[in-house]
Structure formats: structure tokens, C-alpha cells
2 protein chains.
Amino acid sequence: MNEFNEYFKSAFTVDNVIFGFDEGDLKVLLINRGEEPYKSKWALPGYFVYPNEDLDAAAKRVLDELTGLRNVYLEQVRTFGAVNRHPFGRVITVAYFSLIKISHYNIQPSSIAKKAKWHSISKVADLAFDHKEILEACFHRLKWLVRSRPVGFELLPPKFTLTELQHLYEAILETELDKRNFRKKILSMNLLIDLDETQEGVAHRPARLYKFDREKYEQFLAEGFSFELKESKKKEKKSRSKKVRANIAWKD
Amino acid sequence: MNEFNEYFKSAFTVDNVIFGFDEGDLKVLLINRGEEPYKSKWALPGYFVYPNEDLDAAAKRVLDELTGLRNVYLEQVRTFGAVNRHPFGRVITVAYFSLIKISHYNIQPSSIAKKAKWHSISKVADLAFDHKEILEACFHRLKWLVRSRPVGFELLPPKFTLTELQHLYEAILETELDKRNFRKKILSMNLLIDLDETQEGVAHRPARLYKFDREKYEQFLAEGFSFELKESKKKEKKSRSKKVRANIAWKD
DNA sequence: AATAGCTAGTGTACACCTTACACTAATTCC
DNA sequence: GGAATTAGTGTAAGGTGTACACTAGCTATT
């Protein structure tokens, strides 16, 4: 099937970093390896890419096989190809990450895994292969992502309180946020729908419940954070050339 | 050497998107393919990754072989692995991009290339394989990069004027920038050293020449854009807990 | 030597965004 | 009914982004 010199061929895989959020903690799904190498060690769920399978499709398949999940946020992060990353030979792996609502899915360990389990990000120690490094790259990407667009709803149950949302952000960013400022910012985006319901069974003032407005979010992304809004508030009459000016931010 | 099932093996390559800047135009280095497939078509310079070679090393080698360049900005962007991206079989490719000063180097076409030539980004038409898509992904990354940190000096000669720098940014961002605001921003970062020299041989008021302060830049990156600076200007006395607070931007 | 042509270089005002910060409201538990 | 707990709210100050127009200094031309 493949005309290329065997010399240039190598095995390649996808590894999935699956983030979830539970009990106020950011978690990652790990499997306990059932075979050598690194037998009994924790590792990221991953598998070979089939020869007739696109890369993204492979990542989706692996996720699906592990969690039964489809249509989730899934993004390629980076490819790891150090010569000695796999003790049995050359294996290049493409890292993907995804965000899922833990409560929704039963994780069924697959054949490669003795068991699959959610681990708190902060408590993950050594992992098989270079998976710790892969995890860190993906965590870094998640941090960036969560700052640059209001993702993260992906990790919460359908109904949530603002405090829960804030805790999620704090867990991802590993920092504390100011309650009032956080709420102001979140609410100003109009991406939340106030459900006019409150929590039940809590031993304190119950919080309002919200859900995520997916439609507005799609719109939001489609508009690409248009620069022109700022202008048009000021001079609504002049709708002529509209020179779009770029903004140089230089923040991380 | 490799114990893995042949079934899961495939050829893999790196492709380099090498950006340069010349005559006010952002350019990309392309080679004209000397062999099938896509013979005589323009393509990104790329080659197989050797089995005993790390991925990043392969990208560096390809760049070096083409341009004689070492120690340049080189960053992995994304891996392209559609099943049919290569007509002769499955080939996964990892895309890297780099920034170089065109004037400094003589590009010597290698054996795979009939010739290598700089092309204006805006005029690149079809490319071999999925290289147009790869180019676009890298261009997008460059745009992002240039907004998020003051890279871009990499593309200019050692001495440059602020107007040249501005033109570079405009070429990358495909937009116009305000002269005064641009200068204010750039100068406020203290990353430029005023050489106290001026242009010669121009038929108008000569501009001051600057060079890039690499040391300050390293420092800048090392400090990680510290959040604390803002605080310390205000209350310089209280140097206690310094809770670092994150900033959520939600811009693109 | 005057002038035209060209690009360099500079400051300010306004809108908007970010940040810091503390008290009252609503509920349960005892 | 009071203690405990978390929800919920506004404002002032500083900083950043943006729009905008004129003078300065050099060459080339006459």
C-alpha cells in the first residue's frame, strides 16, 4: 500500500488528554496499563492510528472507545517525536485534548487498560512514557484557551451556579479570581441564560442556576470578536470605509 | 529496529514554512519540486524524518540544509495527517515555521528542489499536496505570535527604522496601524536600542536607526509578563503575599 | 537659494477596561 | 432566634487603547 522506503517509516499514535471537572478539582482521565512497557503504570489513553484513518478521526475514535463520547471539544495540541520516547522502538504521537462533563459518562476501561480513572491534575505524579510532558503541554493549552475564549462550559453540568463556574476557572488557571469582577465579566458576555431556578438542599442562601447559551456562543465565534463594535458605538452615522485596525496585545 | 506491527507504520516528514520579509512584503520560501509527484509544482521545503532523529532536530536539519541557518526561531505548528494527502501513500507531516532575515542568507537549492525562491505571501497560488493549508495554518500562527509577543525583529536586518518595523507588522497582520500608537507601544517596551544613527541616502528626512535588545527580550520572556508589576507601582511598600491574580481576556 | 516633495517624528483627550475592595441577603442548622 | 454559611451587589481610580494633525529635516529641482 505504501511505496515509501521502509527506512523512513515509523509507528504512530494519538494520545488523548481528557479533562474533566468534579468536586472543585480539575481532573484528567488516565488508564492503568495492562501490558508492557510500563505495565501497571498510569498513562494517557492513546492508540495507534489506523492506516486508512485521518488523524483527527483517530483521536475521536480513541475518545469514543474510552468514553462513548462524540461531538466534544477536541483539539490537536502538539506532536511528540523524541527518538527514545518509547522503549520498544520509534513511535511518534500526536497529542489531543478534550473537555467533558464527568458526571455524564461512565468510563469503560478498554482492552489496553486494566482500569481507567480520573486523577486530580495537581496530584498526577509520574506517568508512562513522556506522558507527563504531554499532559503539561495540554494543560498549558487549556489555560490559554480558557483565557482567550469562554470555553469551560464544556466541563460543567447543564445547570450550574456562577460560583461553580468561577471555581472551574480558578482550578484551570491555578489562581484566585475576584468574585465581583468575575461575575461582571461573565455576565457582560451574555452567554449565560438565567434559568430562574435556585439550588436546593444547600445549607445556606441558594444560588441561582444558569445554563450556557450555545447559540450565542456560535454567533460569537462566527463574528470573530469583531473590532468594529467599539467604533460603531461612537459614531453610528459614519458607516463608510471602516478600516479595521489590529490590536497588538503582547500579553501571554 | 522497530518491533511494531508494520500495519501501523507510515512514512513521516517535516515541512518547513520559512518566513522572510523583503521590500515591504512578507515572503515564504518555496521550492520547485524536481520529482514526482507534483513535479515542477511549488511546495514547502520538507523531507523525511530520519529514524534516529528527534522531530525538532529534523526540522532544524531541513532548514539548515536549505538555508545554512542555525539558531533561528523554529516552532512546531501542527501535524497534518489526512489519509490521502500524499498520492503515493500515507505520509504524516509535522509543520514547523521559522523566521529569518532574507538579506543574510543565500538559499541553495537542495537535491529535491529544482530551485528555491521567495514568494510574496499574498501571491502564493496552488501548492503541491496540502501545502497551501499548511502555509495558512503557519501564517495564522505567525499572526497570533506577533500579537502576543514582540517577535518579528527576527525578520528585520540588524539595524532598522521604526517605520520598517511598522511595515513588517502591517504585512503580517494584513492591516494598517496608527503610526503614533505603534511607536508609543513599541518604545514603551524598552526592547529597542536607539543607535543614535540615521538612515543615509534617502531623499527625505532620514529616520533614526534602532536595534533589537535581545538581552531585555530574554529577561522579558523569563519574567513571564509578570502580573505583579502593575501592583507594585501602586503600593511599593507592601511586599508580602502578592497573590497573583489572573486576567481573563477573551480576545482573539 | 528658494521651493516642492517626501517621510520622520511628536502629544493629547476620551472611551473603555481592569482592578481593588466590603457589606447585605437568603437560607439551614442548632 | 441566633449562628453559620454562601450569594449577590456597585463604585472609584488607574491604566490601556484609540483617534487624530501638525511640524521637522532631508533631497531634488528649478
Side-chain angles (χ1 to χ4, degrees), chain A residues 24 147 160-167 170 175-189 192 194-210 225-236 238 240-251, chain B residues 24 147 160-167 169-170 173 175-189 192 194-210 225-236 238 240-251:
Chain A
R147 272 160 181 259
F160 51 85
T161 70
L162 292 181
T163 301
E164 281 165 1
L165 185 59
Q166 182 177 342
H167 287 336
E170 290 177 338
T175 187
E176 282 177 37
L177 298 167
D178 180 273
K179 183 162 63 161
R180 280 180 283 197
N181 294 339
F182 179 78
R183 283 161 184 244
K184 209 186 310 172
K185 182 119 197 176
I186 289 284
L187 293 172
S188 73
M189 313 210 66
L192 295 187
D194 186 338
L195 291 169
D196 247 313
E197 293 175 52
T198 51
Q199 280 179 308
E200 280 174 22
V202 288
H204 53 78
R205 174 174 177 177
R208 299 186 78 81
L209 293 169
Y210 292 84
F225 301 78
S226 97
F227 291 107
E228 300 167 40
L229 284 175
K230 282 175 192 166
E231 246 189 316
S232 53
K233 268 181 201 160
K234 214 176 154 187
K235 5 176 170 171
E236 298 210 335
K238 302 185 188 179
R240 19 176 164 159
S241 65
K242 285 197 186 176
K243 222 181 249 174
V244 175
R245 297 219 138 143
N247 168 15
I248 305 177
W250 286 320
K251 280 182 202 164
Chain B
R147 273 162 180 259
F160 52 84
T161 69
L162 292 181
T163 301
E164 282 164 1
L165 186 59
Q166 182 177 342
H167 288 335
Y169 273 76
E170 290 177 338
L173 295 172
T175 187
E176 283 177 36
L177 298 167
D178 180 90
K179 184 163 63 161
R180 280 181 283 195
N181 295 338
F182 180 78
R183 282 163 185 243
K184 209 186 308 173
K185 183 117 196 177
I186 288 286
L187 293 173
S188 74
M189 312 210 67
L192 296 187
D194 185 339
L195 290 169
D196 248 311
E197 293 174 54
T198 51
Q199 281 178 308
E200 280 173 22
V202 287
H204 54 78
R205 175 175 175 179
R208 299 186 79 82
L209 292 170
Y210 292 84
F225 300 80
S226 96
F227 292 106
E228 302 168 37
L229 284 176
K230 283 176 194 166
E231 245 190 316
S232 55
K233 268 181 203 161
K234 216 175 151 188
K235 6 176 169 170
E236 299 210 335
K238 302 185 187 179
R240 19 176 164 158
S241 67
K242 285 199 187 176
K243 224 180 247 171
V244 176
R245 297 218 137 141
N247 169 15
I248 304 176
W250 287 320
K251 281 183 201 165

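Residue numbers start from 1 in every chain, and the chains themselves are labelled A, B, ... in the order their sequence lines are given, proteins ahead of strands. Side chains included, hydrogens not; waters and symmetry mates left out as well; all remaining heavy atoms used.
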Between B/Leu187 and A/Asn181, name the one whose nearest nucleotide on DNA chain C is closer to the 5' end.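 Upstream on the strand: B/Leu187.
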So A/Thr198 and A/Leu209, do their side chains get closer than 4.5 Å, heavy atoms only?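 Side-chain contact under 4.5 Å: no.
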Any heavy-atom pair between the side chains of B/Arg208 and B/Asp194 that's under 4.5 Å?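 In contact.
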Would you give the length of the straight line joining atom [atom1] of [X] to atom [atom2] of [Y], rounded to the nearest 0.5 angstrom?
{"X": "B/Ile186", "Y": "B/Tyr169", "atom1": "CD1", "atom2": "OH", "value": "5.0 Å"}
{"X": "B/Leu177", "Y": "B/Gln166", "atom1": "CG", "atom2": "CD", "value": "5.5 Å"}
{"X": "A/Tyr210", "Y": "A/Leu162", "atom1": "OH", "atom2": "CG", "value": "4.5 Å"}

Whole angstrom is fine here: how far is it from [atom1] in [X] over to [atom2] in [N]?
{"X": "B/Glu176", "N": "D/dA19", "atom1": "CD", "atom2": "P", "result": "12 Å"}
{"X": "A/Phe160", "N": "D/dA7", "atom1": "CZ", "atom2": "P", "result": "14 Å"}
{"X": "A/Gln199", "N": "D/dG8", "atom1": "CD", "atom2": "C1'", "result": "13 Å"}
{"X": "B/Glu197", "N": "D/dG25", "atom1": "CD", "atom2": "P", "result": "19 Å"}
{"X": "A/Met189", "N": "C/dC17", "atom1": "CE", "atom2": "P", "result": "11 Å"}
{"X": "A/Asp178", "N": "C/dC17", "atom1": "CG", "atom2": "P", "result": "18 Å"}
{"X": "A/Lys179", "N": "C/dC23", "atom1": "NZ", "atom2": "P", "result": "14 Å"}
{"X": "B/Gln166", "N": "C/dT7", "atom1": "CD", "atom2": "C1'", "result": "12 Å"}

If we count only N and O atoms by modelled type, under 3.5 Å, do the side chains of A/Arg183 and A/Thr163 hold a donor and an acceptor together? yes
Please list, pair by pair, any protein nitrogen or oxygen found under 3.5 Å from a nitrogen or oxygen in nucleotides 26-28 of chain D.
none

Ignoring hydrogens and angles, does a donor from either the side chain of A/Lys184 or the base of D/dT11 sit under 3.5 Å from an acceptor on the other? yes
Do B/Lys185 side-chain and D/dG17 base share a donor-acceptor contact under 3.5 Å? no
A/Arg180 side-chain N/O to D/dG8 phosphate OP1/OP2 under 4.0 Å: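 So the side chain of A/Arg180 is outside the cut-off, no N or O lying under 4.0 Å from OP1 or OP2 of D/dG8.
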By the 4.0 Å heavy-atom rule, please label B/Arg183 as base, sugar-phosphate, or nothing.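 Base contact.
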Between D/dC20, D/dT9, C/dA8, which nucleotide gets closest to the side-chain atoms of B/Ala207? C/dA8
B/Thr163 side chain, from C-beta outward: closest of C/dA8, D/dG10, C/dG11: C/dA8
Any side-chain to backbone donor/acceptor pair from B/Gln199 onto B/Ala207? Under 3.5 Å, distance only. yes
